[in-house]
Protein chains: 2
Amino acid sequence: MSVTIKDVAKKAGVSPSTVSRVLSNHPRISRETSRKVKIILEEMGYHPNIMAQSLVSKTTNSICVILPKSAEELFLNSFFMELVRGIVTQANRSGYDVVLSSGGSEQEEIDVVSRLINGKRVDGAILLYSRKDDSVVEFLQSNHHPFVLIGRSDKYPNLLSVDNDNVQAAYDATKHMISFGHKRIGFVSGPPNHVLSVDRLKGYQKALEESGIDMRKDWIVEGEFLQESGYRAMSFFMNLPERPTALVVVDDIVSFGVLRGLHELGYKVPDDLSIVSFNNISIAELSNPPISSIDIGIYNLGYTASQALIQSIQHQGEPQFQKRHIIPHRLVVRESSMFSMVDQTHQI
Amino acid sequence: MSVTIKDVAKKAGVSPSTVSRVLSNHPRISRETSRKVKIILEEMGYHPNIMAQSLVSKTTNSICVILPKSAEELFLNSFFMELVRGIVTQANRSGYDVVLSSGGSEQEEIDVVSRLINGKRVDGAILLYSRKDDSVVEFLQSNHHPFVLIGRSDKYPNLLSVDNDNVQAAYDATKHMISFGHKRIGFVSGPPNHVLSVDRLKGYQKALEESGIDMRKDWIVEGEFLQESGYRAMSFFMNLPERPTALVVVDDIVSFGVLRGLHELGYKVPDDLSIVSFNNISIAELSNPPISSIDIGIYNLGYTASQALIQSIQHQGEPQFQKRHIIPHRLVVRESSMFSMVDQTHQI
DNA sequence: ATGAAAGCGCTAACAT
DNA sequence: ATGTTAGCGCTTTCAT
């Protein structure tokens with residue numbers, strides 16, 4: 001068995017409480033005993049039993065993150081790792097551990113979160129929120145458990161959450177195209193039930209409007225966050241009698257599909273079609289040509305979420321300093337959009 | 001405060017121990033009380049305090065995974081997520097939670113693991129083992145803590161570990177090239193201090209030897225697991241007076257760099273140079289052209305590691321059924337190697 | 001079949 | 001400045 005506080009106390013000839021006080025640097029403890037006890041602590045290789053600590057302190061210094069497992073959301077792969085890195089880094093810095101869990105279904109997710117939170121294994125939860133409606137949120141919300149959303153909820157607009165300004169991001173992406181002289185700009189969207197798709201579409205429309213460009217319904221296509229969606233969108237656009245000269249694409253992976261399709265058909269990017277997309281995952285940089293992308297600060301998203309959650313855990317009851325955190329985005333211009341319509345005579 | 005076993009006992013008019021017994025389906029409990037207590041349990045929304053449980057049971061039903069944070073290993077991004085998915089899925093199925101942690105340095109990693117394991121927060125650890133030597137392994141090993149390696153250790157060949165047969169994998173990849181008629185096959189390796197690089201190089205050499213093809217030292221280049229390494233390797237090879245017609249590349253990301261460089265210089269893959277690499281991360285399929293790659297079963301690697309660890313935790317002391325688990329690999333042939341030298345007259 | 005009591009390892013009043 | 005005691009929520013002998 002491992003060394004307990006009692007063992008140390010006995011060997012040091014003091015009481016367990018004294019050892020405990022030494023451990024927590026209690027002020028009213030003599031230099032001398034402190035030194036003595038610390039030596040024995042070291043000598044015996046003492047390690048505090050975290051479970052015992054948290055049983056009495058009623059706090060676990062842990063948070064949990066729920067992995068979405070549904071295939072639909074797996075597009076997030078490299079995305080998700082970045083997020084988790086951000087979360088774990090910040091949590092560890094604040095002295096918190098991160099428990100990762102996954103639920104097959106929404107009900108399973110609730111069961112998992114409930115077991116962890118109600119079972120006092122973790123102090124709070126971070127949720128990846130993409131669905132428009134989510135019963136896990138409902139559960140946490142109604143039970144007053146500390147949690148933070150990555151994304152935003154239409155239904156509960158006032159939750160603690162970390163998100164990008166996706167409307168603005170899409171606005172910026174579209175403006176970027178417009179500034180290069182494009183007037184025929186298409187939009188490849190994601191599933192219409194994701195807040196993300198909706199927001200980005202909104203920003204796109206706003207930018208067009210503001211520049212006096214008519215929005216054309218037939219230049220907006222919806223799909224999944226999958227390469228195939230991009231491929232399909234591409235073939236759709238290229239078969240149109242009137243084609244766009246630029247595309248704003250909801251996600252890098254989708255752009256990848258577009259690119260591949262264009263390449264197969266012998267079109268050149270950005271000469272024949274300019275492209276800008278979102279998320280700036282590593283694939284955007286690696287692709288051929290590299291894709292201009294809105295960097296949404298994925299790591300930062302995770303880092304901030306963890307920070308916000310831990311803060312809210314440590315200041316339960318107090319009014320929240322900030323409810324909604326917006327992570328700044330920035331456009332990373334790469335080859336896929338480096339083509340000015342202005343100095344060109346030819347158009348496709 | 002939340003509902004405890006005592007609260008339930010009081011309301012049910014029984015003793016705490018009875019409630020506990022009902023909870024654990026103890027045989028010697030009457031149908032009647034069991035039913036009654038269960039109803040109240042439900043009614044009051046009881047959830048067992050996991051910390052209290054594990055304090056008495058001396059088991060945590062948790063394992064931890066250490067995230068390598070060093071930039072050098074970040075090439076693993078999408079790789080790592082797959083791994084974690086496998087680990088979490090299997091662990092959850094076995095009723096275990098997964099704690100994710102990261103250490104900046106090797107010493108920090110030891111501190112983290114030590115805190116978690118000695119502090120009885122987790123029962124064991126999963127380690128990503130890529131370095132040739134690793135003090136974390138040393139620590140766990142010498143303290144008899146349950147752990148499993150993903151990868152293998154030269155120094156401690158007999159540890160519980162999950163790995164691929166990388167020699168065979170590289171052998172297969174190389175043979176694949178040879179079967180297409182290639183006789184001039186180069187190898188782009190990773191850092192020479194990774195067992196992975198060494199093993200794959202070994203397999204490459206073995207395949208050449210067996211086919212009576214001379215190995216040429218100048219057709220083997222070492223690098224990092226980065227795109228740039230591929231780029232550099234490519235330019236190196238293409239500037240050689242005598243060029244290879246095929247390349248075996250240690251990692252998909254590296255292949256990606258090769259591909260990009262070739263594209264820039266106007267070379268065609270596979271016509272001018274055939275390529276096969278390892279890991280089969282999503283980028284391999286998405287790339288242009290898609291890269292032939294050895295699928296090493298990343299998810300499976302994680303799943304099996306978790307399984308092996310939990311088994312070893314639950315059967316501590318007993319002799320291990322199996323020490324080294326080998327996850328099968330398989331070659332996924334895509335466009336980058338679909339080119340037969342045999343029916344060709346022209347060669348670069 | 002059930003209850004009483006002890007104890008897991010730790011902290012925090014409450015003494016002194 | 002340090003020791004004594006009680007108790008966190010649970011399980012598990014040991015009684016009955």
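Within every chain, numbering begins at 1; the chains are lettered A, B, ... in the order of the sequence lines, protein sequences first and strands thereafter.
Rounding to the nearest 0.5 angstrom, the gap separating the CD1 atom in B:Ile63 from the CD1 atom in B:Ile310 is 5.0 Å.
Taking every heavy atom of both residues into account, A:Ser306 and A:Ile87 meet most closely at OG-O, 3.5 Å. Looking at every heavy atom in both residues, B:Arg121 comes nearest to A:Met51 through O-CE, 3.8 Å.
Summarising the geometry, the separation between NE2 on B:His26 and C1' on D:dC14 is reported as 13 Å, rounded to the nearest angstrom. Atom NZ in A:Lys36 sits about 15 Å away from atom P in D:dA1, given to the nearest Å. The NZ-C1' distance, from B:Lys6 to D:dT11, rounds to 14 Å in whole Å. Straight-line distance from the CG atom of A:Leu23 to the C1' atom of D:dT2: 16 Å, rounded to whole Å.
Nearest-nucleotide mapping onto DNA chain C: of B:Ala52 and B:Ile29, the residue sitting toward the 5' end is B:Ile29. Comparing A:Met51 and B:Val14 along DNA chain C, the residue whose closest nucleotide (by nearest heavy atom) sits nearer the 5' end is B:Val14. Toward the 5′ end of DNA chain D lies the nearest nucleotide of B:Tyr46, the other residue of the pair B:Arg28 and B:Tyr46 mapping further downstream.
Looking at heavy-atom distances under 4.0 Å, B:Thr33 makes contact with sugar-phosphate atoms alone, never a base. When heavy atoms are screened at a 4.0 angstrom cut-off, B:Thr18 is found touching the sugar-phosphate backbone but no base atom. Among the protein residues, B:Leu55 comes within range of the nucleic acid bases, having at least one heavy atom under 4.0 Å from a base atom. Heavy atoms of A:Thr4 sit under 4.0 angstrom from primed sugar atoms or phosphate atoms, though from no base atom. B:Gly13 comes within 4.0 angstrom of the backbone, heavy atoms only, and of no base.
When the nucleotides D:dG9, D:dG3, D:dA1 are ranked by their closest atom to the side chain of A:Lys58, D:dG9 comes out on top. The side chain of B:Arg21 sits closest to D:dT13 out of D:dT4, D:dC8, D:dT13.
Side-chain polar atoms of B:Ser312 and B:Gln316 form no donor-acceptor pair below 3.5 angstrom.
Between B:Gln53 and D:dG9 there is no side-chain N or O to OP1 or OP2 distance below 4.0 Å. Contact annotation: A:Ser15 side-chain N/O to D:dT2 OP1/OP2 distance is not under 4.0 Å.
The base of D:dT4 lies close enough to the side chain of A:Ser17 for a donor and an acceptor atom to sit less than 3.5 Å apart.
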Checklist entry - Can you check side-chain contact (heavy atoms from CB on, under 4.5 Å) on B:Asp163 and B:Ile327, steps first, answer last? => result CA-CA 6 Å; B:Asp163 198 7; B:Ile327 303 301; over 6 Å; no
Checklist entry - Is there a side-chain contact (heavy atoms from CB on, under 4.5 Å) between A:Ser54 and A:Thr59 once you walk through the steps? => result CA-CA 5 Å; A:Ser54 84; A:Thr59 165; 5.8 Å; no
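Taking a cutoff of 4.0 Å between a charged side-chain nitrogen and a carboxylate oxygen, B:Arg115 and A:Asp97 qualify as a salt bridge.
Close approach of DNA chain C to chain A, defined as any atom under 4.0 Å from a non-hydrogen atom of the protein, starts and stops at C:dG9 to C:dA13.
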